[in-house]
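Single-structure report; data block below.
Order of the sequence lines sets the chain letters (A, B, ...), proteins ahead of strands, with each chain counted from 1.
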Amino acid sequence: GIPWAAMIGLCGEAGRVESAKSLFDAMPERDVFPWGALIQAHALDQDLEQARRAFDRMPQHNLQSCTSMITAFAQGRDLEQAQRVFDGMGEHDVVSRTSLIQAYALNGHIDRARTMMLASKGGHDLVLWNTMLAAYALLGHLEEAKILFDRIPHRNIGSWNAILLAYIHKNDLIRAREAFDSMLERNPTSWTMMLAAYALNGDVVRAGELFQSVPHQDEIAWTLMIQANCHKGECKQAVALLRSMDLDGIRPNSITFLVILHGCSHAGMVEEGRDCFLAMSSVYGIAPEHDHYCCIVDLLGRSNRRLLDDAEELVESMPYLPG
RNA sequence: UAGGCCGACAAAAC
């Protein structure tokens, strides 16, 4: 059948941590299992505590589980714990070293990370280089990113996406677009980054042109188009795009609504915002979260007396503390 | 077939 690890990994990717946990509890022969998947699921869920707990529960550790844990600590900004897990390992390989290097790179020690990269045994490794590239991009170290990028012999799409991110981070959209156009292969990440660059700058025209070329427009691409329009104050158009999504068979997600509510709030479009908020749960089946309530309360607060009553009612009914 | 790299809001970073 399907390997347990694959199932747990899939649950994690799909954001179904509970399912991943039940699978984990149900599976036999835990002692020979690649444990990393469950930790990964928690890490993807941004729940570092649960990841650590799962890690501690495991009767024994191996390269996989330790590497996942190091990655979780690296991305959870806990360098010390990452180093500690690394030190406790019986053996290391290029994968676990890469995780540790990422921990240093993302936590204020990019130079140390670079030294570690150069010293890394086991020959050349593309993912290791891409990890450093991505860190440079994130930190805004464009020059270092370019130097490294130029020296990578067999760049893959991850390398290209990382350099693209580096340009975008510097707001050099000309160079970003040049890189984007030079790519032999693009994935949804590439398209999203380029589209987001235009959308967040309020460049509806370029965003729209690019959107037309996106091979498979997903909910993220649509959300970015909505955001581009909101940025321009074209909230009516943004709300209209929500309908277009429907027609295209793409389901908005909770971020889509957050973007719309923000836009309506900013533009003072009280009724439209309220309607979207109501439709969110009743039509699309998406439960409003804390941020949505903040938006809608803010929105209704700007309105007339009648809607202000709505706002008070809403605050009383919401499952969060006001503020 | 399994553990390390790249996507919108937020977070983080600056």
Check: A/Thr67 side chain, B/rG3 base, donor-acceptor under 3.5 Å: yes
All ring pair (Phe, Tyr, Trp, His ring centres under 6.0 Å) counterparts of A/His141, not counting sequence neighbours: none
Looking only at N and O atoms, is any donor in the side chain of A/Ser68 or the base of B/rG3 less than 3.5 Å from an acceptor on the other one? no
What N/O pairs connect the protein and nucleotides 11-14 of chain B at under 3.5 Å? Give each pair on its own line.
unit_1 : atom_1 : unit_2  : atom_2 : d
B/rA12 : O2'    : A/Arg77 : NE     : 3.2
B/rA12 : O2'    : A/Arg77 : NH1    : 2.8
B/rA12 : O2'    : A/Arg77 : NH2    : 3.4

Using the ring centroid of each side chain, check whether A/Trp129 and A/His124 are separated by less than 6.0 Å. yes
Hey, do the aromatic rings of A/His92 and A/Phe86 have their centres closer than 6.0 Å? yes
May I have the distance from A/Trp129 (atom CH2) to B/rG4 (atom P), rounded to whole angstrom? 20 Å
In whole angstroms, how far is the C1' atom of B/rC9 from the CD atom of A/Glu219? 13 Å
Using the C1' atom on both, measure B/rG7 against B/rA11 and round to a whole Å. 15 Å
Minimum heavy-atom distance between A/Val259 and A/Cys230, given as atom pair plus value: O-SG, 4.0 Å
Applying side chain to side chain donor-acceptor pair (under 3.5 Å) to A/Asn130 and not counting sequence neighbours gives A/Asn156, A/Ser159
Measure from CG on A/Leu128 to P on B/rC6 and round the result to the nearest Å. 13 Å
Within the 4.0 Å heavy-atom criterion, would you say A/Asp93 contacts the bases, only the backbone, or no part of the nucleic acid? base
For A/His61, what residues pass the ring pair (Phe, Tyr, Trp, His ring centres under 6.0 Å) criterion, not counting sequence neighbours? A/Phe55
What is the separation between atom CE on A/Met132 and atom P on B/rC5, rounded to the nearest whole Å? 15 Å
Would you mind classifying the nucleic acid contact of A/Thr131 as base, sugar-phosphate or nothing, using non-hydrogen atoms under 4.0 angstrom? sugar-phosphate
Distance check: side-chain N/O of A/Gln75 vs OP1/OP2 of B/rG4, anything under 4.0 Å? no
Separation of B/rG7 atom P from A/Asn187 atom CG, nearest Å, is 10 Å
Whole-Å distance separating the CD atom of A/Gln40 from the P atom of B/rU1: 16 Å
Counting any heavy atom closer than 4.0 Å, what does A/Asn156 reach on the DNA or RNA strands: base, sugar-phosphate only, or nothing? nothing
May I ask you to say what A/Asn107 touches in the nucleic acid, namely base, sugar-phosphate or nothing, with a heavy-atom cut-off under 4.0 Å? nothing
Among all residues two or more places apart in sequence or in another chain, which pass the side chain to side chain donor-acceptor pair (under 3.5 Å) test with A/Arg186? none
What is the separation between atom CG on A/Leu44 and atom C1' on B/rG4, rounded to the nearest whole Å? 13 Å
Taking side chain to side chain contact (heavy atoms under 4.5 Å, CB included) as the test, write out the residues that go with A/Asp47, two or more places apart. A/Asp45, A/Glu49, A/Gln50
Cluster membership besides A/Val94, Ile/Leu/Val/Met/Phe/Trp/Tyr side chains within less than 4.5 angstrom, sorted by chain and number, is A/Val95
Partner residues of A/His266 under the ring pair (Phe, Tyr, Trp, His ring centres under 6.0 Å) criterion, sequence neighbours left out: none
List for me each residue that meets salt bridge (charged side-chain N to carboxylate O under 4.0 Å, His left out) alongside A/Asp111, sequence neighbours excluded, and say none if there are none. none
Let's see if you get this right: which residues in residues 251-266 of chain A place a heavy atom under 4.0 Å from RNA chain B? A/Asn253, A/Ile255, A/Leu258
Can you list, by residue number, the residues of residues 220-229 of chain A that have a non-hydrogen atom closer than 4.0 angstrom to RNA chain B? A/Ile220, A/Thr223, A/Leu224, A/Gln227
Does the gap between the ring centers of A/Phe211 and A/Trp191 come in under 6.0 Å? no
Once hydrogens and angles are ignored, does a donor-acceptor distance under 3.5 Å link the base of B/rG3 to the side chain of A/Asn62? no
Whole angstroms only, please: what is the CG-C1' distance between A/Leu200 and B/rC9? 9 Å
Touch check for A/Ala162, heavy atoms < 4.0 angstrom, all strands: base, sugar-phosphate only, or nothing? nothing
Is a donor-acceptor contact shorter than 3.5 angstrom present between the side chain of A/Asn130 and the base of B/rG4? no
Roughly how many Å apart are B/rA8 and B/rA12, using the P atom of each and rounding to a whole number? 15 Å
Ring pair (Phe, Tyr, Trp, His ring centres under 6.0 Å) filter on A/Phe257, not counting sequence neighbours, yields A/Tyr284
